[in-house]
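The structure appears right after this line, and notes come after that.
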2 protein chains.
Amino acid sequence: MPRASVQERNDATYWREFDRNTLSHSMAHYLMAIDRLRADLGYARTTDVAEMLEVSRGAASMALAQLKKRGWVGEDPNRFLLLTEAGKRITRLVEQNFETLARFFEQVLGAERDVAFADACKMEHLMSMDTGRRLLALMRYLLNDDALSAKVREHMASFKE
Amino acid sequence: MPRASVQERNDATYWREFDRNTLSHSMAHYLMAIDRLRADLGYARTTDVAEMLEVSRGAASMALAQLKKRGWVGEDPNRFLLLTEAGKRITRLVEQNFETLARFFEQVLGAERDVAFADACKMEHLMSMDTGRRLLALMRYLLNDDALSAKVREHMASFKE
DNA sequence: AACAGGTGTTAAGGCTCCTAAACAAGAGGT
DNA sequence: ACCTCTTGTTTAGGAGCCTTAACACCTGTT
């Protein structure tokens, strides 16, 4: 296998893209919390979000103010929280990345569900849309072909040891 | 394909594991910078690290103090920086994760090298050792079998559109 | 009308990690 | 000996995100 090592990164500022990510980890989860609350309860208030994420109401209040300022979150006439169109787009993207990664780790790599979820949860908002779509395409290919799928699973099963 | 959605994460504090990661993104890069400098120049000083990562000397000084306190970085008799055994272990882990992810994105998923590197750089320190090893095993399997490798590549090539 | 609860915001403080700037100490040139 | 450059550390200040605590509001009792 050819090597593509860390050494090849000549651009010294490469590693800082982490900071400059469009969406921070916590912001991603605030967005998903609103989405999930609206699906589960039909509405989402600051307090509900705080409770779901287990942060203080103060923290949620300030984070949501940020997200409103960025145009990803709005309020309906009754002052309930909702995602704007832009907010929905970005939330869907992160959720898809989470789902793809978690399923890839669990179903293709054979990782324990907990590990798969924890890893996916940490990486979801960092994977680019392009890479996410590619990974999804690979999974469809690997999992839809029964013979191939079985071979991969068999090979990965050697990880029990 | 069965679904493993975000909704299944019932533990509300799941998402905070991000914060509690053993190694922050920047700390990981300080460790790798020392490793690379010692390989390239034969030594590493605070200033060299600062220069490589393009941060101020002050920032490097404080970050390195942290890493020394955690027992991952030490100094040789001439006050040059070096990785302790524990430091080497953790650094190697992150580097392997980077290499595995970058090659997976580029060679298996067919992503552009820049995108592959950027994504890998952001995710490297967040992928668990277990998942990393599994991914490596999958890649060996996919890339060592020429026929299979070709089929996967062909399928992923549809992403040109 | 007055009080109690639940809700949302704001203020003060902590931790991480950055910058810029002041400073101490060693190394070499004149 | 003196001056200067490089190196490393420290300090002050800012941004992100959290906590606790104080506050302002609204709403439903009583």
Side-chain angles (χ1 to χ4, degrees), chain A residues 12-34 37-38 41-70 72-82 121-122 125-126, chain B residues 12-34 37-38 41-70 72-82 121-122 125-126:
Chain A
T13 65
Y14 227 121
W15 70 286
R16 292 259 206 119
E17 286 190 26
F18 187 84
D19 294 335
R20 291 191 274 275
N21 214 47
T22 356
L23 197 59
S24 74
H25 182 72
S26 64
M27 289 304 167
H29 283 271
Y30 279 103
L31 290 176
M32 291 193 293
I34 294 173
L37 283 165
R38 290 194 64 94
L41 303 182
Y43 62 86
R45 294 166 309 171
T46 304
T47 303
D48 304 316
V49 171
E51 213 166 285
M52 167 166 284
L53 296 181
E54 291 191 3
V55 297
S56 66
R57 279 179 302 156
S61 179
M62 288 188 305
L64 291 167
Q66 263 298 319
L67 292 172
K68 284 171 194 162
K69 214 171 66 186
R70 291 202 211 171
W72 290 331
V73 170
E75 289 181 356
D76 71 12
N78 296 321
R79 295 187 33 85
F80 286 129
L81 298 166
L82 43 81
C121 173
K122 287 184 281 184
H125 68 293
L126 296 169
Chain B
T13 64
Y14 228 122
W15 70 287
R16 292 261 206 118
E17 287 190 24
F18 187 84
D19 294 336
R20 291 192 275 274
N21 214 48
T22 358
L23 197 59
S24 73
H25 182 72
S26 62
M27 289 305 166
H29 283 272
Y30 279 103
L31 291 176
M32 290 192 292
I34 295 173
L37 283 165
R38 290 194 64 93
L41 304 181
Y43 63 85
R45 294 166 307 169
T46 304
T47 302
D48 303 316
V49 171
E51 212 166 286
M52 168 167 282
L53 297 181
E54 290 192 3
V55 296
S56 66
R57 279 177 302 155
S61 178
M62 288 188 306
L64 290 167
Q66 263 298 318
L67 292 172
K68 283 171 194 164
K69 213 171 68 185
R70 290 201 212 172
W72 291 332
V73 169
E75 289 180 357
D76 71 12
N78 296 321
R79 297 187 31 83
F80 287 129
L81 298 165
L82 43 80
C121 173
K122 288 185 280 186
H125 68 293
L126 296 169

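We name chains A, B, ... by the order of the sequence lines, and we start the count at 1 in each one. Heavy atoms only: backbone and side chains are in, while hydrogens, waters and symmetry mates are out.
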- request: Please report the C-alpha distance between E51(A) and R57(A) in whole Å, then the side-chain angles of each, then the deciding distance to 0.1 Å, and finally whether the salt bridge (charged side-chain N to carboxylate O under 4.0 Å, His left out) criterion is met.
  value: CA-CA 8 Å; E51(A) 213 166 285; R57(A) 279 179 302 156; over 6 Å; no

Atom-pair distance ([atom1] on [X]; [atom2] on [N]), nearest Å:
X	N	atom1	atom2	answer
E75(A)	dT9(C)	CD	C1'	12 Å
H25(B)	dG16(D)	NE2	C1'	16 Å
D19(A)	dC17(C)	CG	P	10 Å
L81(B)	dG8(D)	CG	C1'	11 Å
N21(A)	dA15(D)	CG	P	20 Å
D48(B)	dG8(D)	CG	C1'	12 Å
F80(A)	dG8(C)	CZ	P	8 Å
L64(A)	dG16(D)	CG	P	16 Å

Looking only at side-chain atoms of [X], point me to the closest of [options].
X	options	answer
R79(B)	dC18(D), dG8(D), dT11(D)	dG8(D)
M62(B)	dG8(C), dT9(D), dT19(C)	dT19(C)
T47(A)	dC18(D), dG8(C), dT7(D)	dG8(C)
T46(A)	dC17(C), dT9(C), dT9(D)	dT9(C)
S24(B)	dT19(C), dT7(C), dC17(C)	dC17(C)
S56(A)	dT10(C), dT20(D), dG8(C)	dT20(D)
A59(A)	dC18(D), dT10(D), dC18(C)	dC18(D)

message: So, applying side-chain contact (heavy atoms from CB on, under 4.5 Å) with Q66(A), which one of K68(A), K69(A), M62(A) is it?
response: K69(A)

5' precedence on DNA chain D between G58(A) and S26(A) (nearest-nucleotide basis): S26(A)

task: With salt bridge (charged side-chain N to carboxylate O under 4.0 Å, His left out) as the test, would you mind laying out the steps for R16(B) and E54(A) before giving the verdict?
output: CA-CA 9 Å; R16(B) 292 261 206 118; E54(A) 291 191 3; over 6 Å; no

field: Rounded distance [0.5 Å steps], OH in Y30(B) versus CE in M52(B)
entry: 13.0 Å

message: Is the ring pair F80(B)/Y43(B) parallel, tilted or perpendicular, if the boundaries are 30 and 60 degrees?
response: tilted

Would you say [X] places a side-chain N or O within less than 4.0 Å of OP1 or OP2 belonging to [N]?
X	N	value
R45(B)	dG26(C)	no
R20(B)	dT16(C)	no
Y30(A)	dC18(D)	yes

